[in-house]
Asker: 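First the structure, which I've put down as structure tokens, then a few questions once you've had a look.
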Amino acid sequence: MDLLAEAVLAGAAPDHLETLDLPREYLAAHIRAQDVGMFDGVADKDVRKSLRVGHVPMPEPAPDEVVVAVMASSINYNTVWSATFEPVPTFNFLERYGRQDGFAARHDLPHQVLGSDAAGVVVRVGAGVRRWRAGDHVVVSCVQVDDQEPATHNDAMLGAEQRIWGYETNFGGLAHYTLVRASQLLPKPAHLTWEEAACVLLTAATSYRMLVGEHGARIKQGDVVLIWGATGGLGAYAVQLVKNAGGIPVGVVSSERKAELLRRLGCDVVIDRNAIGLGGDAPLTPERTVELGKRLGRAIRAEVGEDPHVVFDYIGQATFGLSVFVVRRGGVVVTCGSSTGYQHQFDNRYLWMNLKRIIGSHAANLQEQAECNRLFQLGHLSPILSSVHRLEDVAEAARLVQENRHTGKVGVLCLAPEPGLGVTDPELRARIGEERLNPLRELSAVSG
Ligand SMILES: NC(=O)c1ccc[n+]([C@@H]2O[C@H](COP(=O)([O-])OP(=O)(O)OC[C@H]3O[C@@H](n4cnc5c(N)ncnc54)[C@H](OP(=O)(O)O)[C@@H]3O)[C@@H](O)[C@H]2O)c1
């Protein structure tokens, strides 16, 4: 381990951290440009074949950037996209970004460090950074923006230069160090461990914008919200947000085990999609959409007595037609992704005749991220970590997510030598209680 990392782990004072050199190289999970094409014609694009852990060069920080020593990170589905080079190789994004020259050119490399979540300690700040200093405990928002672009000041997600860090940029969070803009930082909730704090922002803030924020569905008391994949990364935060808002979450899952975990999250109504015939890979033809939509609608009405006001969809091709079908007259389908395919089919008559709306949503601006982070700081939202892996085993961790064998979030320890570290407000932690803090945690030890 390098001297700076040792100092961070020893809890060195900020002044001391600033005197230590950044290492020339650091350990990072990455993909290689030379591997693009390795899965052409291959049915199982196994991320364990493309995702590597090894040393990469340390980039030079720009004046508005910080270097964070990453204590923990987590797997997001975008790491699966990057490591399968689908739907496009993410090196295309780096190449396009790098053409801007200046500091952007640093991102266009023959390797890409992945990862869009992190919790850690600031170790270097650029000359133009005002709000952060070495030693600060932070979590990182995945949204990199250009604050000199006018649209950013309306809604940061509308800026054309908005990029998802560790997916559309290099130097992501699944590593010992990461390089981010100062405008991506928020304070780490003091009562959470490193790995808990690192499994929050990307998915929780995305769900927050989709459901609560002014650009999303704006749920209110009593709203019935259908949540696909309700024990997944986005879904398990969506369930908590609906509960907090006084709504009625209707969670869809694919097994009794997941149904049990969902009840532990406090979800009032649980639907096993196998039970309504939505278990296999059969395509959602127009006929099947009507047949399954009626079954799903009956199952929801049998439990809550009415149709959903909002459907929370990121599954895509396999569910979207159903979402449009079952949402009530005047209701909203809010979507941020398409895990099962992005060419959606739906019968538009159900949409226009019933004045339904579709909202496209993406990540969350820093204000929404901060509002969401505050809910964790207050103990109103709980991390949904289900297992923790070492950085060296990141490919196995990503494979779990690729094969949908996980629940909630899969954590990755980077510099943190073991789980359970990083809590600086143990009193608040004790007040909230371990069980409430970890509703999905199945393993307390590190998995390899
Ligand atoms: N735009 C954004 O800002 C943004 C942010 C985060 C994520 N996303 C996207 O959202 C998607 C999900 O991300 P995540 O982190 O929540 O993933 P995740 O943890 O892997 O959750 C996926 C869920 O999908 C459900 N699912 C899988 N196949 C299904 C099918 N055929 N029918 C119905 N449900 C199915 C699974 O639930 P069951 O098997 O239990 O039903 C699983 O829990 C990804 O495509 C990701 O890229 C977008």
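On a predicted model such as this, the values are computed, not experimentally measured, just so you know. Position 1 is the first residue of the sequence; numbering continues from there. Both counts, for ligands and for their atoms, begin at 1 and track the order of listing. For the numbers below, each heavy atom of this structure counts, side chains included, while hydrogens, waters and symmetry mates do not.
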Asker: For ligand 1, give me the residues whose heavy-atom distance to it is below 4.0 Å, by chain and number please.
Answerer: Y77, W81, L202, T203, T206, G229, G232, G233, L234, V253, S254, K258, R273, Y314, I315, A318, T319, C336, S339, T340, H362, A363, V401, N404, H406

Asker: Can you tell whether the side chains of E403 and R405 come within less than 4.0 Å, N to carboxylate O?
Answerer: yes

Asker: For I276, is there any backbone N or O sitting under 3.5 Å from a side-chain donor or acceptor partner on R295?
Answerer: yes

Asker: Would you say the rings of F171 and Y177 are close, in the sense that their centroids are separated by under 6.0 Å?
Answerer: no

Asker: In Å, rounded to the nearest 0.5 Å, how long is the span from CG of L234 to SG of C336?
Answerer: 5.0 Å

Asker: Could you tell me whether Y97 and F91 have their ring centroids closer than 6.0 angstrom?
Answerer: no

Asker: For the residue pair N76 and T203, establish whether any side-chain heavy-atom pair is separated by less than 4.5 Å.
Answerer: yes

